Amino acid sequence: MIFQVEMDVRIPHDLPAETANALKAAERERAQELQRAGIWRHLWRHAGRYANTSVFDVESPQALHDILSGLPLFPFMDVKVTALCRHPSSVRDDDR
Ligand SMILES: O=C(O)CC1=CCC(=O)O1
C-alpha cells in the first residue's frame with residue numbers, strides 16, 4: 001500500500017543542541033535503513049521549510065503508524081498522511 005506522508009518538523013528551540021543533533025542523526029540512520037529496505041520509497045525536502053514529503057510502501061495503515069510513531073523525531077513532527085492509489089491515466093504499469 002502506498003502512502004504520501006508530509007512531515008513538518010518543529011524541534012523546540014530550548015532543546016539542547018547535543019540532544020537535537022543526536023535525534024537528527026538517529027532519524028537519518030532510520031530513514032536510510034527504511035529506504036534501503038524499499039519501505040521509504042521517496043524523500044523530498046520542502047524548499048525553505050524544515051519539512052518533507054515522503055512516499056512509503058507498507059503492508060497496512062497500522063504498519064505505517066508503527067513506523068512513523070517510532071521515528072526519533074516523531075515527538076517533534078506534525079504528520080499528514082494521504083493514502084494513494086493507481087490513477088487510471090498513469091502510464092506506469094508498476095503503479096499500485
Ligand atoms: O528533515 C526532515 O524532514 C526529517 C527527516 C526525515 C528523514 C531525516 O533524516 O530527517
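Just so it is clear, the values below take in all heavy atoms, side chains as well, and ignore hydrogens, waters and symmetry mates. These numbers come from a predicted model, not from an experiment.
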(message) When you compare the side chain of Arg28 with that of Gln32, does any pair of heavy atoms fall below 4.5 Å?
(response) yes

(message) Using the side chain to side chain contact (heavy atoms under 4.5 Å, CB included) definition, which of the options Ile67, Leu43, Thr53, Leu64 pairs with Val5?
(response) Leu64

(request) Please assess Gln4 against Val81 for the test side-chain contact (heavy atoms from CB on, under 4.5 Å), listing each intermediate value before the final yes or no. (result) CA-CA 6 Å; Gln4 174 185 282; Val81 175; over 6 Å; no

(message) What's the separation between atom CE in Met7 and atom NZ in Lys80, rounded to the nearest 0.5 Å?
(response) 14.0 Å

(request) Quick one: pull up CG in Asp57 and CG in Leu34 and give me the separation to the nearest 0.5 Å. (result) 12.0 Å

(message) Quick check: closest heavy atoms across Ala51 and Arg45, and the distance to 0.1 Å?
(response) O-NH1, 2.8 Å

(request) Can you measure from CG (Asp8) to NE2 (His46) and round to the nearest 0.5 angstrom? (result) 7.0 Å

(request) Scan side-chain atoms only and decide if Trp40 and Ser54 contain a donor-acceptor pair under the 3.5 Å cut-off. (result) yes

(request) Taking Ser69 for its side chain and His65 for its backbone only, find out whether a donor-acceptor pair lies under 3.5 Å. (result) yes

(request) Flag the pair Met1 / Cys85 as yes when at least one side-chain heavy-atom distance between them is below 4.5 Å, and no otherwise. (result) no

(request) Measure the CG-CE distance between Asn52 and Met77 for me, rounded to the nearest 0.5 Å. (result) 6.5 Å

(request) Kindly give the heavy-atom pair with the smallest separation between Val58 and Ala63, and that separation in Å. (result) CB-CB, 4.3 Å

(message) Determine whether a donor-acceptor pair (N or O, by modelled atom type, separation under 3.5 Å) exists between the side chain of Gln35 and the backbone of Ala31.
(response) yes

(request) Kindly say whether Arg86 contributes a backbone atom to a donor-acceptor pair with the side chain of Arg92 at under 3.5 angstrom? (result) no

(request) List the steps and the verdict of side-chain contact (heavy atoms from CB on, under 4.5 Å) for Ile39 and Glu33. (result) CA-CA 9 Å; Ile39 294 170; Glu33 174 190 0; over 6 Å; no

(message) Under the criterion side-chain contact (heavy atoms from CB on, under 4.5 Å), I'd like the reasoning laid out for Leu84 against Phe3: C-alpha separation, chi angles, the key distance, then a yes or no.
(response) CA-CA 5 Å; Leu84 301 177; Phe3 294 90; 5.9 Å; no

(request) Step by step, work out the salt bridge (charged side-chain N to carboxylate O under 4.0 Å, His left out) result for Arg30 and Glu27. (result) CA-CA 5 Å; Arg30 180 62 172 149; Glu27 183 83 12; over 6 Å; no

(request) Could you grab the distance from atom OH of Tyr50 to atom CD1 of Ile11, nearest 0.5 Å is fine? (result) 4.0 Å

(message) Please report the interatomic distance OG1(Thr19) to CG(Asn21), rounded to the nearest 0.5 Å.
(response) 9.0 Å

(request) Check whether the ring centres of His42 and Trp44 lie less than 6.0 Å apart, and answer yes or no. (result) yes

